[in-house]
Each structure stands twice: as C-alpha cells, then as structure tokens.
*Asks:* 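Let me give you the structure first, and then I'll get to my questions.
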Amino acid sequence: MSAALYDGGSVDPRVEALRASVARLTRELAGYRAELPDRGIAEQELVVLAAETAAGAPENERLRRSLLVIAGALGSVSALGSALTEVRRAIELFGGPPLSDD
C-alpha cells in the first residue's frame, strides 16, 4: 500500500498539498521566460519531488534537501516567490522544525 494512503484508503492531505504546490511551481517556472542560470537544476528537482509524492509520503530530510536545491537554483526571483513559499509550507506539514523565511 502506498504511503500516500492512510486512514482506510484516504489520500494523505500533506502529500496532496505537496503535489499541488510542486505542480504550481512547475507551471509557474515553465511560464517564467527570463533567463535563469540554474533553471534546469530547479526543474530536475521538481521532477524528483513529483515522483516522490507519487510514491507516497517522502522522508523529511529528502524534502528539506529538495527545497534547498530549488530555492538555491531560483535565487530571489520574486515572480516565483509565492509558489516557492507554498512548496516550503507544504514541506513543513511533514514535521520537523519550521523552516526559516530568511
């Protein structure tokens, strides 16, 4: 049984929130036409995150590493800030200490 399923077959809402936020950031990054030197790194890590959520609830350390890679690759692109914040908040649902907004 997939780790995304719990409570007798319901989908884990944390996984659903992460899937939705990853999909949103992926769409917004695809629509962002300005040159980003590390765009490929961010896109690759989003693919990895999407695959992790398809397999169920990913481990917390893996999620945090992915977030750091994506945030580092996107830098301070304000047009993507809201979508990136949504991914960060979805990752925080999996536990551990809250991630800094800094």
Side-chain angles (χ1 to χ4, degrees):
M1 175 183 288
S2 171
L5 298 179
Y6 81 111
D7 191 41
S10 300
V11 177
D12 185 335
R14 300 172 308 162
V15 173
E16 284 298 307
L18 184 56
R19 282 182 190 152
S21 66
V22 166
R24 175 183 173 202
L25 182 55
T26 300
R27 283 189 312 274
E28 290 191 18
L29 180 56
Y32 188 75
R33 295 296 172 204
E35 180 108 11
L36 292 173
D38 295 326
R39 177 188 294 268
I41 293 169
E43 290 170 337
Q44 182 179 4
E45 200 62 34
L46 286 166
V47 167
V48 169
L49 268 180
E52 291 274 332
T53 61
E59 69 177 51
N60 198 12
E61 289 303 314
R62 175 72 178 113
L63 292 174
R64 289 172 180 268
R65 181 196 164 286
S66 291
L67 180 61
L68 287 173
V69 169
I70 293 166
L74 297 180
S76 59
V77 178
S78 61
L80 301 172
S82 177
L84 183 57
T85 297
E86 188 178 311
V87 170
R88 179 186 56 82
R89 287 185 179 144
I91 287 173
E92 287 178 342
L93 295 174
F94 287 88
L99 299 169
S100 172
D101 282 336
D102 300 334

*Asks:* Between atom CD of E43 and atom OG1 of T26, what is the distance when rounded to the nearest 0.5 Å?
*Replies:*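 With rounding to 0.5 Å, CD (E43) is 8.5 Å from OG1 (T26).
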
*Asks:* What distance do D38 atom CG and E45 atom CD have between them, rounded to the nearest 0.5 Å?
*Replies:*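 Rounded to the nearest 0.5 Å, the CG-CD separation comes out at 12.5 Å.
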
*Asks:* Looking only at heavy atoms, which two atoms of G95 and N60 are closest? And how far apart?
*Replies:*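 Here G95 and N60 meet closest at O-ND2, 3.0 Å.
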
*Asks:* What heavy-atom pair brings L18 and I91 nearest, and what distance separates the two atoms?
*Replies:* CD1-CG1, 3.9 Å

*Asks:* Got a list of side-chain donor-acceptor pairs under 3.5 Å for residues 69-76, not counting sequence neighbours?
*Replies:*
none

*Asks:* Kindly determine whether R39 and Y32 satisfy side-chain contact (heavy atoms from CB on, under 4.5 Å), including the steps that lead there.
*Replies:* CA-CA 10 Å; R39 177 188 294 268; Y32 188 75; 3.8 Å; yes

*Asks:* CG/L46 to OG/S21 distance, rounded to the nearest 0.5 angstrom?
*Replies:* 9.0 Å

*Asks:* I41, V87: one ILVMFWY side-chain cluster at the under-4.5 Å cut-off?
*Replies:*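 The answer is no; the residues belong to distinct hydrophobic clusters.
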
*Asks:* E86 pairs by salt bridge (Lys or Arg N to Asp or Glu O under 4.0 Å) with which of R27, R24, R19?
*Replies:* R24

*Asks:* Please give the remaining members of the hydrophobic cluster of V47, linking ILVMFWY side chains under 4.5 Å, ordered by chain and number.
*Replies:*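 Noted: V47 shares its cluster with no other residue.
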
*Asks:* Just so I know, are the side chains of T85 and R89 near enough to count as touching, which here means a heavy-atom distance under 4.5 Å?
*Replies:* yes

*Asks:* Determine the sole option in L49, L67, V48 for which the side-chain contact (heavy atoms from CB on, under 4.5 Å) test with R62 is passed.
*Replies:*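 Exactly one option meets the side-chain contact (heavy atoms from CB on, under 4.5 Å) with R62, and it is V48.
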
*Asks:* Please find the pair of heavy atoms, one from L25 and one from A83, that lie closest to each other, and give the distance.
*Replies:*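 Shortest heavy-atom contact: CD1-CB, 3.7 Å.
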
